[in-house]
**Q** 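Before I ask anything, let me first share the structure, which is written out below as structure tokens.
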2 protein chains.
Amino acid sequence: MSTTRQPRLLERLEAAGLRATRQRLLVLDELAREPHDVTAQELHRRLRANGERIGLATVYRTLGALADHGIVDTLAHAPAEACYRLCGEGHHHHLVCSGCHRVVELAECGLDDWLAAAAAREDFVATAHRVEVTGLCASCRRAA
Amino acid sequence: MSTTRQPRLLERLEAAGLRATRQRLLVLDELAREPHDVTAQELHRRLRANGERIGLATVYRTLGALADHGIVDTLAHAPAEACYRLCGEGHHHHLVCSGCHRVVELAECGLDDWLAAAAAREDFVATAHRVEVTGLCASCRRAA
DNA sequence: ATAATTGCAAAGCGTTTGCACCCTG
DNA sequence: CAGGGTGCAAACGCTTTGCAATTAT
């Protein structure tokens, strides 16, 4: 079983009105130690590889519920396959390394002024936005 | 048949090394008159509704080929279902109205400095990015 | 106790592919 | 006329769902 379980995760489950089942904690644990984003299938495969008993449908249902409550982010960079990632609670964006697929959260957004201006130019009011930056991290740059 | 066919589209097909078949022109025509973004299925449904003869597989293959050559954009806001949209040739972003789903292209990007700075903070070099802004257009604001 | 959750297997759905026929260049 | 393109239907892969058994509260 895991050693990285964060009490924080339990609180978040509770706050979302979700029962703290063994399976949900497994999913959260696995997400917590994963710096990349993962698909439901991959997550399930890993848990099974670790000898855990959990059904694929449960992984899907759990990720769906967590996403509904904002506990995980759903990244859709690969159409036809959703990726999930445990994420901070505030507004943030992702920086993905095209070499190793590592994902870093950009804490500060700082785009609000730009957004408001760009939207206003089209007579829109911006209500939400999503930025995904692709780049190369230091180690992948060296490797290349 | 269409009245909106743009000669421009033929050039783009040719430049991409794709033969100008009846089906491809149908797809391009339909995309050209569509301000929203559409799924492959929806596009196919409309063409058939117009009495056109074209197979679903061809629509998929065509959209895939057009996307490969940058003639259409692939938007993945709905995970598990790709949306396509004929798009300008340069770098740009999309502003989507959450009321009517109308999509507007934002010509200017103007994010490069912000991006470079944000990436550098994490020791990354930004190579690409994608921004999707959701908002409300003027008429949907009035309706609300 | 009892309502939520799980697991399995089957169903759903969007997308892709094999193959014979057709058409563009 | 040769090779790309098309249509159909079957195959695919990811995701969802029905239902009986299980489990958290």
Side-chain angles (χ1 to χ4, degrees), chain A residues 1 5 9-30 37-48 50-69 71-72 74-85, chain B residues 1 5 9-30 37-48 50-69 71-72 74-85:
Chain A
M1 204 68 96
R5 181 170 304 162
L9 298 178
L10 281 155
E11 292 166 26
R12 290 229 229 170
L13 274 183
E14 200 164 353
L18 299 172
R19 289 186 181 175
T21 64
R22 179 178 55 80
Q23 293 88 334
R24 284 179 179 157
L25 293 175
L26 284 174
V27 168
L28 282 170
D29 271 355
E30 191 60 36
D37 46 344
V38 271
T39 63
Q41 309 251 3
E42 170 66 11
L43 190 53
H44 178 247
R45 203 184 53 61
R46 284 190 210 173
L47 289 173
R48 295 288 267 243
N50 288 354
E52 305 291 357
R53 292 180 305 99
I54 184 172
L56 179 56
T58 298
V59 173
Y60 274 107
R61 282 188 280 231
T62 298
L63 288 171
L66 294 175
D68 283 347
H69 292 89
I71 300 174
V72 303
T74 305
L75 309 187
H77 36 63
E81 198 173 41
C83 288
Y84 300 88
R85 180 162 193 287
Chain B
M1 209 60 102
R5 180 169 305 162
L9 298 179
L10 281 154
E11 293 166 25
R12 290 229 228 170
L13 273 183
E14 201 163 352
L18 299 172
R19 289 187 182 174
T21 64
R22 179 179 55 81
Q23 292 88 334
R24 285 180 180 157
L25 293 174
L26 284 174
V27 168
L28 283 170
D29 271 355
E30 191 60 37
D37 47 345
V38 271
T39 63
Q41 309 250 3
E42 169 65 11
L43 190 53
H44 178 247
R45 203 185 52 62
R46 284 190 210 173
L47 290 173
R48 294 288 266 245
N50 289 355
E52 305 291 358
R53 291 180 305 98
I54 183 172
L56 179 56
T58 299
V59 172
Y60 275 107
R61 280 189 280 233
T62 298
L63 287 172
L66 293 176
D68 283 347
H69 292 89
I71 300 174
V72 302
T74 304
L75 309 186
H77 36 63
E81 199 174 40
C83 288
Y84 300 88
R85 179 162 193 286

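Per chain, numbering begins at 1; letters A, B, ... match sequence-line order. Atom set for the values below is all heavy atoms of this structure, side chains included, hydrogens, waters and symmetry mates excluded.
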**Q** Look at A:Gln23 and D:dT23 and indicate whether a side-chain polar atom (N or O) is within less than 4.0 Å of OP1 or OP2.
**A** no
**Q** Specify the closest pair of heavy atoms between B:Ala40 and B:Leu56, including all atoms of both residues, with the distance to one decimal.
**A**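 Shortest heavy-atom contact: O-CD1, 4.4 Å.
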**Q** Could you check which of D:dA9, D:dG5, C:dC8 has an atom nearest any side-chain atom of A:Arg48?
**A**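 Within the option list, the nearest is C:dC8.
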**Q** For the pair made of CD in B:Glu81 and C1' in C:dG12, what is the distance, rounded to whole Å?
**A**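 These atoms are roughly 13 Å apart.
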**Q** Between D:dA21 atom P and A:Arg53 atom CZ, what is the distance in whole Å?
**A** 17 Å
**Q** Distance check needed: C:dC13 P versus B:Leu56 CG, whole Å only.
**A**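 Checked: the CG to P distance equals 14 Å.
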**Q** Name the residue closer to the 5' end of DNA chain C, choosing between B:Thr21 and A:Thr62 according to the nucleotide with the nearest heavy atom.
**A**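 On the 5' side of the pair lies A:Thr62.
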**Q** Using heavy-atom distances to pick each residue's nearest nucleotide on DNA chain D, tell me which of B:Gly17 and B:Ala57 is more 5'.
**A**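 This one resolves to B:Gly17.
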**Q** Expressed as a whole number of angstroms, how long is the span from B:Leu26:CG to D:dG5:P?
**A** 16 Å
**Q** Looking at D:dG5, D:dT15, D:dG7, which one has an atom nearest to any side-chain atom of B:Arg22?
**A**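 Among the listed nucleotides, the one closest to the side chain of B:Arg22 is D:dG7.
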**Q** Side chain of A:Arg19, heavy atoms from C-beta onward: which of D:dA24, C:dT6, D:dA9 has the nearest atom to it?
**A**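 For A:Arg19, the side-chain atoms sit closest to D:dA24.
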**Q** Kindly say whether, by distance alone, the side chain of B:Arg61 makes a donor-acceptor pair under 3.5 Å with the base of D:dG7?
**A**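 A donor-acceptor contact between them is present.
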**Q** For B:Leu63 and C:dT15, what is the distance between atoms CG and P respectively, to the nearest whole Å?
**A**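 Distance, rounded to whole Å: 10 Å.
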**Q** Among the candidates D:dG18, D:dG7, C:dG25, find the nucleotide nearest to the side-chain atoms of B:Ala20.
**A**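 Within the option list, the nearest is C:dG25.
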**Q** How close or far is atom P of C:dT5 from atom CG of A:Leu25, stated in whole angstroms?
**A** 13 Å
**Q** Taking the side chain as every heavy atom from C-beta outward, state whether B:Val27 and B:Thr58 have any atom pair closer than 4.5 Å.
**A** no
**Q** Using the side chain to side chain contact (heavy atoms under 4.5 Å, CB included) rule, pick out the option among A:Asn50, A:Val38, A:Val59 that qualifies with A:Glu30.
**A**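 Looking at A:Asn50, A:Val38, A:Val59, the match for A:Glu30 under the side chain to side chain contact (heavy atoms under 4.5 Å, CB included) is A:Asn50.
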**Q** Between P on D:dG4 and CD on B:Glu14, what's the gap in Å once rounded to a whole number?
**A**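 Between P of D:dG4 and CD of B:Glu14: 17 Å.
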**Q** Output the distance between atom CG (B:Leu18) and atom OG1 (B:Thr62), rounded to the nearest 0.5 Å.
**A** 8.5 Å
**Q** Going by an N to O cut-off under 4.0 Å, is there a salt bridge joining A:Arg48 and A:Glu52?
**A**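 Looking at A:Arg48 and A:Glu52, the cut-off is not met.
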**Q** B:Leu18 has a side chain; which of D:dG5, D:dT15, C:dT15 sits nearest to it?
**A**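 Between D:dG5, D:dT15, C:dT15, the one nearest the side chain of B:Leu18 would be D:dG5.
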**Q** Quickly work out the A:His44 NE2 to C:dG7 P distance and round it to whole Å.
**A** 8 Å
**Q** At under 4.0 Å between heavy atoms, what does B:Gln41 touch on the DNA or RNA strands: base, sugar-phosphate, or nothing?
**A** base
**Q** Verify the contact: side-chain N or O of B:Tyr60 to OP1 or OP2 of C:dT15, cut-off strictly under 4.0 Å; return yes or no.
**A** yes
